[in-house]
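One structure is given below, encoded as structure tokens.
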Amino acid sequence: MTNFIAGALGIRSYVFIAVIAAIIFVVGFLNLAVPETSSFYMSSYVVSLFGKYLCYAMLALAIDLVWGFCGVLSLGHGAFFALGGYAMGMYLMRQIGTRGVYGHPELPDFMVFLNWKELPWYWYGFDMFWFAALMAVLVPGLLAFAFGWFAFRSRVTGVYLSIITQAMTFALLLAFFRNDMGFGGNNGLTDFKDILGFDVQSDTTRVGLFAASGIALVAAYLLAQAIVTSKLGKILIGVRDAEARTRFLGYRVEHYKLFVWTLSAMIAGVAGALYVPQVGIINPSEFAPANSIEAVIWVAVGGRGTLVGAALGAVLVNGAKTVFTGVLPEVWLFALGALFIAVTLFLPKGILGLANQIMNKRRERQATGASAQPQEAD
Amino acid sequence: MNTTFKSHASLLLFLFSLFLFVPAAPAHADELTDQINKLAEGGFNDRQKMIEALAATGDSRVVPALEALGDGMLYQQKLGGKVFIVERAGSDFKLIDPVTLEDAGKMPKSALEKIKVNNRLRRTVRDALGGLQLNSKNAADRLAAAGAVFQSRDPEAIPLLDAAIAKETKADVKKVMLEARAAAVLSSDLDENAKLEAIKVIEERSGRDSRSLLLNFANTAEGKLKTAADESAGIIERSLAAWAGVQNVWYGLSLGSVLLLAAIGLAITFGVMGVINMAHGEMVMLGAYTTFVVQDVIRTSYPQLFEVSLLISIPLAFLVAGAVGVAIERGIIRWLYGRPLETLLATWGISLALQQTVRSIFGPTNQEVGTPDFMSGAFEIGQMTITYNRLYILVFALVVLAALMLVMKRTPYGLQMRAVTQNRSMAGAMGIRTDWVDALTFGLGSGIAGIAGVALSQIDNVSPNLGQSYIIDSFMVVVFGGVGNLWGTLVGAMTLGVANKFLEPYAGAVLGKIVVLVFIILFIQKKPRGMFALKGRAVEA
Amino acid sequence: MRSYLKTLLGATAIAGVTLAGATAHAAETIKVGILHSLSGTMAISETTLKDVMLMLIEEQNKKGGVLGKKLEAVVVDPASNWPLFAEKARELISVNKVDVVFGCWTSVSRKSVLPVFEELNSILFYPVQYEGEESQKNVFYTGAAPNQQAIPAVDYLMNEGVKRWVLAGTDYVYPRTTNKILEAYLKGNGVAADDIMINYTPFGHSDWQTIVSDIKKFGSAGKKTAVVSTINGDANVPFYKELGNQGIKAEDIPVVAFSVGEEELAGLDTAPLVGHLAAWNYFQSVDSPENAEFIKTWKAFTKNPKRVTNDPMEAHYIGFNMWVKAVEIAGTTASDAVIDSLIGVTVPNLTGGYSAMMPNHHITKPVLIGEVQADGQFETVSSTPGLVPGDAWSDFLPGSKDLISDWRAPLSCGNFNTKTGKCGGQGS
């Protein structure tokens, strides 16, 4: 297996992994080891911010896996992300224990507040980390499996699939808004104290979570890379480019799609689980259809079907968002809107695609001299 | 029999005393003015007593003052304490003497103080006016007065009512007066038979407030009267329940018509052209803002045109949204044909930019779009209330749909449009300018969304977020109904509307909506191309 | 490949810029953070509060600032996104080094930033009426607690003879809690369970036909009925339009709202709504010299003679003046000193009286009940005789009736249990 991975990895992957590792190391070092007075000190604000970006990058990676390699455009991946986040949020709520404002040993504050007498059954087990972690993967996975099983079997494709994924996340949004569901309604889950016995507010925990996000991102990347470079990956690309033809060749298209779709949802779930302790809140607005659409744009900006590009796009767009909402709040939506339009019109392959194209051209020019043959547009 | 006679006798006595009292009043015009001036004194409780005292004079000259009081147009001079009816005249008030109704000059607002009323006082005024206007010359006033007595159930109004009923020539007014009398009888100390009769009258009147009145009566009544009242309330209740189903269908159709309006433009841009137009909701929003601007201009410059402001807005909204649509098609979408998922992202970007543009120009807050009189209020059919605005919206939605179908099926342009969407290259070979047909089709879809905005401005917020709230619903309707089929959009919208409204009483508004969404997701699995799918090879492209 | 290495470095550079901003912090001005959404769904309400803060800061600077220094506003946009609220709060405090933050509207945004303020020990002024059940060391609640809005409103209606109650709200924590409190309060006053109807709708609910007709039906049971509405924001316009169209008049079934102010009515034709009620601590129509001055300044500042004022704006007015006064008493902007000196500070409010900050970090306010007028304003029909102190913990909820809050030493506790004599909620 290690052989296989090493063999499949190109230079791009090494750079990606090295950059992530370097960021983890540098950020961790600048935050923990450098004194606060130094101008090199990196505040925990920046650490959490970067941690958030890494989680988004992982979500983008998950979307790229199904969209870039399997042609399934999901406009509901935010739902899987949020479900993973809720699983982690429930664990963190249970960890609060008697430190809530009402000091109830078992019930989270919002339940005391609404006169709930006992913990609903679906909250059982979430006081154990392993269970919550398992659920953060399993719940999105199961939902994706059930959804995909129906959808792919009945050959719902393209636009229709995108629209029903929107319906799915919208239905979940409405459901989680209901206070009767027992997930805290609009306020969601917040005011976390500990994770695995560490204080979520402390700098070391922040750096730890940040590093964990980085490692998870790399792991997800390796997994995705392994899949897309394997024989399975070739079939997926076949499905993306000509689904009917692949089916006529004898492949059970829906099985391949279902596998990648479910896996992608699980990756999104993990990203959500890592996201929640870093931002400190999970609330139904994470299910909002607009969030899922925005996540797709990250992939498009970075470059669809490149994995690294998806992660890059997520970090870039969110970085821009952070800067703009601070400096020029009124302009942000214009900028975001223009970005959507510009990328689809002028950068159909995203930043990475553009970089690849330029490099290929240069390489070709070097190989064949200045009088290169006109390239065929793909 | 004996008791009835006795009550009649006392009634006559009462009427007689009234007769004695009424002619005496005109001699004391100053006294009346004094009494009206006293309205400004004390708190709400004192004021209530004064209103009742004024009503007890039975003098019709107190009517204007009371009406003004109810409307909040009765003011007191800060100096001198005299009370006037006022009319706005620029920044000043025109004063009118409350008794003689003579012009009493002008005064700045700051020199006057409003005589405050609250709901209870307005109710008291309404009741008082009811008693006073039963003999009005105007039939509408008499009708309103009888209605007011029905609400107030004032037993002292019985003799007045009896006199009015005897004189009344209009059957409908008379009926309402009889009902009002029955209501008053129930709260009087008349005998059992009179009350039993009254219960029957009210039972026949039916409706929610009749039931309310009967139950209210039953709470205090005893014996035979209680059982009779309960029985009658039960009969009304059953007829209300029977109508509830019909009412639900109406609510469903009305909700469906809103969905239809929101989706109909999308049925063109998405359904016919295949462009996943996420900026569709913003076209609706542009239509609503056009209505706002039109009304704003009308309010400041041509107030007499307000009633037709919506009619003026319809073509303008079509043009504005249509022009924006054409611009979007020419500028962006035409580069993206054949890449449906990319159009989705680009149009989403457009929608964000449009929202922010509107927010920058008009501000983030809701804008007020007024409702013309012909669209306000409601009427009753049987036990069912139908509001005019919902009715007009339903009719409007159907008219728009019919007009669109005519364009598509009966005009050369519609023919070209269908040709282009079915087989672009063949249509081009036949000499159709496909790019212009594309632009016009997109413009048509957007323009219709703009028209929908005019209608939706009547029932929803006019804010930059308006479009967002309809976009998902619109897509659901189009996909559920069947892409590329206008009939499908109609049936889809109405089905979803009615389903929603039948689920709402059981599951609540939120769960109902969730159930409908899950149903659509499952339905798409069964019929991936909606209820009325286009058949043939064209759709596989 | 080198190019995306570069872009990744570019991303780090973005963070570098924000870092540099932190170190270049100069002490010439006192920075005031403004944390209100300028885009997204809440922009509709919150943008106004950003403007009013800018106005207050400008006015204060005209008077010479605070402690001889000018105030500087730092505006960020949390974009109606709740995690972003926490992130932006952290940015304001740790990167921009603001000394105080005025912000938030929804409960969830406040809950989201709470841990940040606690951790970084800064000060937040929260200007909106809310559900109570909270008292935090770093937060000052200048909006109304339920006992400063809901209960006096219900008292008024009970006085008017209302016997049957519809509690209609948007399904989130503020209406849920308010309705729980009201339900307990009404039952305590002898209202039967049958005479209370509770209904929740989602955010932005726009089709009110069924619910309004249910209200009509509920109101036809022969007893005087009123609707207590905690319906939020955008859903109100279609709700009131439907009420008007279905002919529910305020004289028959009055609706008293806790989230509808002048700003919300500005989007409505109020002629059919005359007589419906709202309970607030401030109305634009209040006749006092302070208010006239405030409205004049506001209209001049926004250059829009039609702009209205509302209750949360007054809350910011009070909160800001309290903060200025507390800083002057403390002689510093350091959080701990200001938090201590804030308690007991008294400043004029806009209704012609004075509001004081209490040990539980809530303030004293008058409660006004107003009726909607045809011009979109409210007319006060009832007001509490004196000031009502805000109650952090409701006396009508079983979970919180024994809790009190007092941030003065030696107690210094937000959830002191008077039964167990311990700090920390119900305990066990």
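As a basis for the values below, the full set of heavy atoms in this structure was taken, side chains included, without hydrogen atoms, waters or symmetry mates. Convention: sequence-line order gives letters A, B, ...; per-chain numbering from 1.
- Residue B/Thr385 touches chain C through its side chain alone, counting heavy-atom pairs closer than 4.5 Å.
- Expressed to the nearest 0.5 Å, how far CG of B/Asn119 lies from CD1 of C/Ile253 amounts to 11.5 Å.
- Here the closest heavy-atom approach between residue C/Ala266 and residue B/Glu368 is recorded as O-CB, 3.5 Å.
- In this structure, chain B has a heavy atom under 4.5 Å from the side chain of C/Lys224, while its backbone stays farther away.
- Among the candidates C/Asp207, C/Asp269, C/Asp252, the residue making the largest number of heavy-atom pairs closer than 4.5 Å to chain B is C/Asp207.
- For chain C, no part of B/Val258 is nearby; none of its heavy atoms comes within less than 4.5 Å.
- By the 4.5 Å heavy-atom criterion applied to side chains, B/Asn461 and C/Pro238 are counted as neighbours.
- B/Arg122 is listed as a side-chain neighbour of C/Val274, based on a closest heavy-atom distance under 4.5 Å.
- To the nearest 0.5 Å, atoms OH (B/Tyr251) and CD1 (C/Ile211) are separated by 11.0 Å.
- At a 4.5 Å heavy-atom cutoff, the contact between B/Gln458 and chain C is made by backbone atoms alone.
- Contacts of B/Glu504 with chain C are made by side-chain atoms alone, with heavy-atom separations under 4.5 Å and no backbone atom involved.
- Neither the backbone nor the side chain of B/Thr220 comes within contact range of chain C, judged by heavy atoms closer than 4.5 Å.
- For B/Asn389, the part sitting under 4.5 Å from any heavy atom of chain C is the side chain, from C-beta outward, and nothing else.
- We find the CG-CD distance between B/Asn366 and C/Glu264 to be 8.0 Å, quoted to the nearest 0.5 Å.
- We find that B/Arg390 and C/Glu242 are joined by a salt bridge, their nearest charged nitrogen and carboxylate oxygen being less than 4.0 Å apart.
- Each of C/Leu268, C/Leu38, C/Thr201, C/Asp214 has some count of heavy-atom pairs under 4.5 Å with chain B, and the biggest count is that of C/Leu268.
- Here the NZ atom belonging to B/Lys114 is positioned 9.5 Å from the OG atom belonging to C/Ser285, to the nearest 0.5 angstrom.
- A donor-acceptor pair is defined here as one N or O able to donate and one able to accept, closer than 3.5 Å; no such pair exists between the side chain of B/Asn118 and the backbone of C/Val381.
- A side-chain donor-acceptor contact under 3.5 Å links B/Lys116 to the backbone of C/Thr380.
- Distance CD/B/Gln247 to NZ/C/Lys217: 10.5 Å, rounded to 0.5 Å.
- In this structure, the separation between CD1 on B/Ile386 and CG on C/Asn245 is 13.0 Å, given to the nearest 0.5 Å.
- Using a 4.5 Å cut-off between heavy atoms, B/Leu255 touches chain C through backbone and side chain atoms alike.
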Exercise for review: Test C/Gln246 against B/Thr387 for side-chain hydrogen bond (donor to acceptor under 3.5 Å, both in side chains), laying out the working first.
Suggested key: CA-CA 6 Å; C/Gln246 291 210 20; B/Thr387 52; 5.9 Å; no
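- Heavy atoms of B/Phe217 lying under 4.5 Å from chain C are absent altogether.
- In this structure, chain C has heavy atoms under 4.5 Å from both the backbone and the side chain of B/Arg211.
- Using a 4.5 Å cut-off between heavy atoms, B/Lys513 makes no contact with chain C at all.
- The candidate with the highest count of non-hydrogen atom pairs below 4.5 Å against chain B, out of C/His205, C/Glu251, C/Glu46, is C/Glu251.
- Contact of C/Lys249 with chain B is not made at all, since no heavy-atom distance falls under 4.5 Å.
- With chain B as partner, the option from C/Glu371, C/Lys241, C/Gln373 having the largest number of non-hydrogen pairs under 4.5 angstrom is C/Glu371.
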